[in-house]
Asker: 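The structure under discussion is supplied below as structure tokens; questions concerning it will follow.
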Amino acid sequence: MKQAGDFYLEAAGEGEPWGERPLGAPEARALQEVLRQRVRLTPLPRRPRLVGGADAVCDREERLIFGAVAVFTYPELELVEEAAVSGLCPFPYRTGLLSFREAPILAAACRRLGRAPDLLLVDGQGVAHPRGLGLASHLGILLDLPTLGVAKSRLLGEAGEPDAAQGSQTALMWQEQVVGLVLRTRTGVKPLYLSPGHRCTLEEAVDLVMGCLKGFRLPEPLRRADRLSRKLRAHCRSLTG
DNA sequence: GCGACAG
DNA sequence: ATCTTGTCGC
């Protein structure tokens, strides 16, 4: 059994969940339209005991990508385990197509976990996406895991500015629908953009994210995953040059 | 054509 | 996302 703090190097550039052939942007968008049919915004069966966070970073040349996941107990917020993997970057960044770049490496990292979390926070949008399939939703479908999108900025939609106080929130509207919410996780800092990914609802999102805070703007599972992915990138840099 | 645009 | 200097606040 791996211990918290360990991380792993592993080639994860092959076997993207959408197939062997490299996808073009039009094909990727078409695939999103198909996969969106599988998104289910149902409540969590119970209060989660394990909450994970998933984040990915690329190297400067956009050749490699590093994905990490960190799992904490909830609501105690004690680190249970974490995993990180590296791979070839499978897709360029394109607005609305982020999941084709990051979902494979994040899925690979999650599969290294000894136990799946009850909820996974993902650094990106859930259904607040042009085709209803942001990174959190796509990853949730791939892993069949409850996911919540926790983005640091807005992709689409309109929302009022939440009050400066911690916990203030406003609805994120798009096409006459509430697709997410804007949440002030710390007094006076830029708010986060939450939207359900898969097998979870917007209503439970606020309490869960607020319950994962430890005095910073980002919830702990995401902070930890961010740190770990960067740590793996630095490690791989030191091996190469 | 113009502006917007997760990471 | 990355690059990048100093700067402000705890």
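Quick note on labels: first sequence line is chain A, next is B, and so on, each numbered from 1.
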Asker: Under the 4.5 Å side-chain heavy-atom rule for ILVMFWY, direct or indirect, which residues accompany A:Val51?
Answerer: A:Leu44, A:Tyr74, A:Leu77, A:Leu119, A:Leu121, A:Leu148, A:Val150, A:Met173, A:Val178, A:Leu181, A:Leu183, A:Leu192, A:Leu194, A:Leu202, A:Val206, A:Leu208, A:Val209, A:Met210, A:Leu213, A:Leu218, A:Leu222
Asker: Checking the side chain of A:Ser99 only, and the main-chain atoms of A:Gly134 only, is there a donor and an acceptor separated by less than 3.5 Å?
Answerer: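 Checking the backbone N and O of A:Gly134 against the side chain of A:Ser99, no donor-acceptor pair under 3.5 Å is found.
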Asker: Does A:Gly180 offer a backbone N or O that forms a donor-acceptor pair with the side chain of A:Gln125 under 3.5 Å?
Answerer: no
Asker: So A:Asp123, base contact, sugar-phosphate only, or nothing? Heavy-atom distance under 4.0 Å.
Answerer: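 Answer is sugar-phosphate: A:Asp123 comes under 4.0 Å of backbone atoms only.
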Asker: Once each nucleotide of nucleotides 3-10 of chain C is scored for protein heavy atoms under 4.0 Å, what B/S/- sequence comes out, 5' to 3'?
Answerer: S-------
Asker: Could you tell me how far apart A:Arg101 (CZ) and C:dT2 (C1') are, to the nearest whole angstrom?
Answerer: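 Atom CZ in A:Arg101 sits about 10 Å away from atom C1' in C:dT2.
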Asker: Whole-Å distance between C:dA1 C1' and A:Leu135 CG?
Answerer: 13 Å
Asker: Figure out the NE2/P separation between A:His138 and B:dA6, and round it to whole Å.
Answerer: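 The distance from NE2 of A:His138 to P of B:dA6 comes to 19 Å, rounded to the nearest Å.
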Asker: Without swapping roles, check the side chain of A:His198 against the backbone of A:Arg40 for a donor-acceptor pair under 3.5 Å.
Answerer: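 Side chain of A:His198 to backbone of A:Arg40: a pair is present.
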Asker: So what does A:Leu106 touch, heavy atoms closer than 4.0 Å: a base, only the sugar-phosphate, or nothing?
Answerer: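 Counting heavy atoms under 4.0 Å across all strands, no contact is made by A:Leu106.
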Asker: Hey, is the main chain of A:Glu78 close enough, under 3.5 Å, to the side chain of A:Thr73 for a donor-acceptor pair?
Answerer: yes
Asker: Whole angstrom is fine here: how far is it from CG in A:Leu133 over to C1' in B:dA6?
Answerer: 13 Å
Asker: With rounding to the nearest 0.5 Å, note down the distance linking NE2 in A:His235 to CG in A:Leu239.
Answerer: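 Output value for this atom pair is 4.5 Å.
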Asker: Please give, in whole Å, the distance from B:dC5 P to A:Leu97 CG?
Answerer: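 A:Leu97 atom CG is separated from B:dC5 atom P by 17 Å.
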Asker: Between A:Gln32 and A:Leu97, is any pair of side-chain heavy atoms under 4.5 Å apart?
Answerer: yes
Asker: Are the ring of A:Tyr193 and the base ring of B:dA6 both nearer than 5.5 Å at their centres and tilted by less than 30°?
Answerer: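 No.
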Asker: Just jot down the side chain to side chain donor-acceptor pair (under 3.5 Å) partners of A:Arg184, sequence neighbours excluded, or say none.
Answerer: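 With sequence neighbours excluded, A:Arg184 shows a side chain to side chain donor-acceptor pair (under 3.5 Å) to A:Glu161, given in chain and number order.
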Asker: Find the distance A:His129:NE2 to B:dG7:C1' and express it as a whole number of Å.
Answerer: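 Rounded to whole Å, this separation is 12 Å.
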Asker: Between A:Arg199 and A:Asp144, does at least one N-O distance fall below 4.0 Å, as a salt bridge requires?
Answerer: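 A salt bridge links A:Arg199 with A:Asp144.
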Asker: Could you check whether A:Gly96 gets within reach of a base, just the sugar-phosphate, or nothing at all, counting any heavy atom under 4.0 Å?
Answerer: base
Asker: Could you give the CG-to-C1' distance, from A:Leu194 to B:dA6, as a whole number of Å?
Answerer: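 So the CG-C1' distance, A:Leu194 to B:dA6, works out to 13 Å.
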Asker: When you look for runs of 3 or more Watson-Crick or G-U pairs in a row, both distances below 3.5 Å, which of them include DNA chain C?
Answerer: none
Asker: Anything under 30° is parallel, anything over 60° is perpendicular, the rest tilted; go ahead and classify A:Phe100 against A:Phe91.
Answerer: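 Tilted: the ring planes of A:Phe100 and A:Phe91 meet at 30° to 60°.
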Asker: Is NZ or CZ of A:Arg223 both nearer than 6.0 Å to the six-membered ring centre of A:Phe216 and within 45° of the ring axis?
Answerer: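 That pair qualifies as a cation-pi contact.
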Asker: Establish, with yes or no, whether the OP1 or OP2 oxygen of B:dA6 is under 4.0 angstrom from a side-chain nitrogen or oxygen of A:Arg94.
Answerer: no
Asker: Is there a residue in residues 151-172 of chain A whose heavy atoms reach under 4.0 Å of DNA chain B, and which residues are they?
Answerer: A:Ala151, A:Lys152, A:Ser153, A:Arg154, A:Leu155
Asker: Give every residue pair that meets the side chain to side chain donor-acceptor pair (under 3.5 Å) criterion with at least one member in residues 48-68 of chain A, sequence neighbours excluded.
Answerer: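 Output for this query lists A:Arg49-A:Glu76, A:Glu62-A:Arg101.
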Asker: Whole Å only: how far is the CG atom of A:Leu222 from the P atom of B:dG7?
Answerer: 11 Å
